[in-house]
Amino acid sequence: QVQLVESGGGLVQAGGSLRLSCAASGRTFSSYAMGWFRQAPGKERDFVVGISRSGGSTVYADSVKGRFTISRDNSKNTVFLQMNNLKPEDTAVYYCAAVATTALVPPKGGYKHWGQGTQVIVSS
């Protein structure tokens with residue numbers, strides 16, 4: 001079992017940047033692919049980006065390609081999401097997620113463990 005705690009959300013103007021962090025408990029962090037999802041008010045939760053266990057493979061939603069960067073530090077059990085050039089449509093609650101997998105490429109779904117979420121608000 002892994003527990004996830006997100007941090008780093010907040011209010012930012014359009015064009016600004018934020019860095020989200022997700023700290024994971026447990027000693028098997030490197031066994032999990034990690035992902036970030038987001039849910040805007042009145043909408044479904046959507047995949048944003050995933051990273052493989054080693055960090056060597058990443059998958060991005062088209063809406064964030066070139067603006068968001070995911071990374072992980074397995075020595076610190078932490079995954080990061082650097083968000084640049086933020087837009088009002090990026091406003092959402094951002095969730096960190098984990099799934100135990102042997103796949104080399106991170107999945108876009110099937111995540112089993114979730115954090116509580118962190119709010120990101122981008123003002124125009």
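Both backbone and side-chain heavy atoms feed into the values below; hydrogens, waters and symmetry mates do not.
S57 places no side-chain N or O within 3.5 Å of a backbone atom of S52 that could act as its donor or acceptor partner. Side-chain atoms of T101 never come within 3.5 Å of backbone atoms of V99 as a donor-acceptor pair (strictly under, hydrogens ignored). A donor-acceptor distance shorter than 3.5 angstrom exists from the side chain of E6 to the backbone of Q116, with no hydrogens or angles considered. Panel note: side chain Y60, backbone I70; a donor-acceptor pair is recorded below 3.5 Å. Using a distance-only test at 3.5 Å, with no hydrogens or angles considered, no donor-acceptor pair links the side chain of N74 to the main chain of F29. R72 places no side-chain N or O within donor-acceptor distance of the main-chain N or O of A33, the cut-off being under 3.5 Å. Judged by distance alone, with hydrogens and angles left aside, the side-chain atoms of T91 form a donor-acceptor pair with the main-chain N or O of V122 at under 3.5 Å.
Partners of F37 under the ring-ring contact (aromatic ring centres under 6.0 Å, His included) rule, at least two apart in sequence or in another chain, are F47, Y111, W114. Taking L104 as the reference, nothing meets the side chain to side chain contact (heavy atoms under 4.5 Å, CB included) condition, with sequence neighbours excluded.
Closest of all the heavy-atom pairs between A14 and P88 is CB-CD, 4.1 Å. Residues L4 and C22 come closest through the heavy atom pair CB-SG, 3.9 Å. Nearest heavy atom pair, residue S30 against residue R53, reads O-CB, 3.1 Å. The nearest pair of heavy atoms linking S123 to L11 is CB-CD1, 4.4 Å.
Both V12 and M83 are members of a single hydrophobic cluster when ILVMFWY side chains are connected at heavy-atom separations under 4.5 Å. By the rule that hydrophobic residues join a cluster once side-chain heavy atoms approach within less than 4.5 Å of another member, L20 and Y95 end up as members of separate clusters.
Residue S17 holds its OG atom at 8.0 Å from CG of N85, rounded to the nearest 0.5 Å. Atom OG1 of residue T58 and atom CZ of residue F68 lie 14.0 Å apart, to the nearest 0.5 angstrom. To the nearest 0.5 angstrom, D73 atom CG is 6.0 Å from F80 atom CZ. Distance check: S124 OG to E89 CD gives 10.0 Å after rounding to the nearest 0.5 Å.
Checked options V2, V79, N77; the residue passing with Y32 is V2 (criterion: side-chain contact (heavy atoms from CB on, under 4.5 Å)). Of the options Q39, Q119, R38, R45, a side chain to side chain donor-acceptor pair (under 3.5 Å) to Y94 is made by R38 and by none of the others.
The existence of a salt bridge linking D90 and K87 is excluded, since no basic side-chain nitrogen approaches an acidic carboxylate oxygen closer than 4.0 Å.
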